[in-house]
Amino acid sequence: MTPVLRLLAAVFGAAAAAFLIVGCAAGPAGEVPTSSPDPAAGDGEVQSDLRGALLDEGRLFAVVSWGSSSCVPVVDEVVVDEAAANGQSVSVTLVEPEDEGVEQACTADLRPRASIGAVPTGVDPTRDITLKVTYGEIVEDVVLAGDPALNGTPGEPTDYQNSAGWFEDGGLVLLTWGSSTCAPIVESLEGAGTAGTVVFAEQTDRVCTMDMVPRATILVFEEGTVDDGAVEKGEPFALTLVGGELDGMVEVR
């Protein structure tokens, strides 16, 4: 078992340990409202502009990359950089997903995807964390802003509550928990000031497996609708979830 699987087993429980990431959910009519870091790039090409976010009260992190929406990179290894003086530097390796040892065929689109990993034991999520991410030929540092309000302890079990974190201005990674075969499908997304609402499609006609895994959904608000200034000052953003058996509110700091 790799170090990442051991960490995730502690956080998610044995039943969910085999699932590292569930891909970004599709938006209305199969579209995800988002912007690409390089609009001129060709379809299917992986972009090297990586972003990140802390989730699950600091127990988990997301690395956001741009590439095929059907082939979300998997967190393969997470290792604390012992040479770093502050103990807040973590090496993260992303790899392409495989299906029973066979590399998947990927769609030729360009979307943001979120890869989920566990923050290693001993790392303090209330302080800034530097992820040294390696993804194929891409090597890039991703800084996660620490938040003193986070009350989770890396390495300890999750409480399975929905959470979200900013990865760019107006862009969120939403973490939900549920069946690995029935990831949330976004129908609509609206935002104004320090509040937003995401509506999910009902999936009553789908047969869902009875597992409990983390599912990452990318949400990007229309430019100019969200009060980024307030968010940057640490004022909470109220994200209301509607439908898809996810009804509730997530406070994003």
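- Taken together through direct or relayed side-chain contacts under 4.5 Å among Ile, Leu, Val, Met, Phe, Trp and Tyr, Tyr160 and Leu55 form part of one hydrophobic cluster.
- Checked against Gln88 for a side-chain contact (heavy atoms from CB on, under 4.5 Å), the options Asp81, Leu131, Val123 give a single hit: Val123.
- Here the shortest heavy-atom pairing between Pro236 and Thr194 reads O-CB, 3.9 Å.
- A donor-acceptor pair shorter than 3.5 Å cannot be found between the side chains of Thr134 and Thr93.
- In plain terms, the two heavy atoms of Gly152 and Pro125 that are nearest each other are O-CG, 3.9 Å.
- Here the closest non-hydrogen pair linking Leu172 and Ala164 is CD2-CB, 4.5 Å.
- Remark: Glu251 CD is packed, more than 12 non-hydrogen atoms of other residues, nucleotides or ligands lying under 6.0 Å away.
- Note: the hydrophobic cluster containing Leu50 does not contain Val139 (ILVMFWY, side chain heavy atoms under 4.5 Å, direct or indirect links).
- Here the side chains of Val220 and Phe167 are in contact, with some heavy-atom distance below 4.5 Å.
- In this structure, CG in Leu219 is found 11.0 Å from OG1 in Thr197, a value given to the nearest 0.5 Å.
- Although no hydrogens or angles enter the test, the distance criterion places no donor-acceptor pair under 3.5 Å between the side chain of Gln161 and the main chain of Val250.
- To the nearest 0.5 Å, atoms CD (Gln203) and OG (Ser179) are separated by 8.5 Å.
- Of all heavy-atom pairs between Ala216 and Val173, the closest is CB-CG1, 4.2 Å.
- Note: Leu54 CG to Asp147 CG = 8.5 Å, rounded to the nearest 0.5 Å.
- Taking the side chain as every heavy atom from C-beta outward, Trp177 and Thr158 approach each other to under 4.5 Å.
- A side-chain donor-acceptor contact under 3.5 Å links Asp128 to the backbone of Gly146.
- Two residues are said to be in side-chain contact when any heavy atoms from C-beta on lie closer than 4.5 Å; Arg111 and Ile218 fail this criterion.
- A donor-acceptor pair under 3.5 Å links the side-chain atoms of Ser163 to the main chain of Asp56, judged by distance alone.
- The side-chain heavy atoms of Phe61 and Leu144, taken from C-beta on, include a pair separated by under 4.5 Å.
- Ser91 contributes no side-chain N or O that, together with a main-chain N or O of Lys132, makes up a donor-acceptor pair within less than 3.5 Å.
- Trp66 and Arg113 make their closest contact through C-NE, 3.6 Å (heavy atoms, listed as atom of the first residue, atom of the second, distance).
- Contact between Arg59 and Thr153 at its shortest, heavy atoms only, is CG-O, 3.9 Å.
- Between Leu150 and Glu57 the shortest side-chain heavy-atom distance falls below 4.5 Å.
- The 12-atom threshold is exceeded at CD of Glu140, counting heavy atoms of other residues, nucleotides or ligands nearer than 6.0 Å.
- Aromatic ring pairs are classed by plane angle as parallel below 30°, tilted from 30° to 60° and perpendicular above 60°; the pair Phe237 and Trp166 is perpendicular.
- Side-chain contact between Ser68 and Asp109 is present, with heavy atoms from C-beta onward closer than 4.5 Å.
- Among Val133, Val75, Val64, Asp76, the single residue meeting the side-chain contact (heavy atoms from CB on, under 4.5 Å) criterion with Ser115 is Val75.
- Interatomic distance, CG of Asp247 versus CE of Met249, reported as 13.5 Å (0.5 Å rounding).
- Side-chain contacts under 4.5 Å among hydrophobic residues (ILVMFWY), followed directly or transitively, place Val199 together with Val242.
- In this structure, Ser180 contributes its side chain and Val213 its backbone to no donor-acceptor pair below 3.5 Å.
- Each of Leu246, Ile116, Leu175, Asn162 was scored for a side-chain contact (heavy atoms from CB on, under 4.5 Å) with Arg215, with one residue passing: Leu246.
- Judged purely by atom type and a 3.5 angstrom limit, Glu202 uses its side chain to pair as donor or acceptor with the backbone of Gly244.
- Between Asp49 and Glu168, the closest side-chain pair of non-hydrogen atoms is not below 4.5 Å.
- For the pair Val90 and Val78, the minimum side-chain heavy-atom distance is below 4.5 Å.
- Here the straight-line distance linking atom CG of Leu174 with atom CG of Leu189 works out to 10.0 Å at 0.5 Å rounding.
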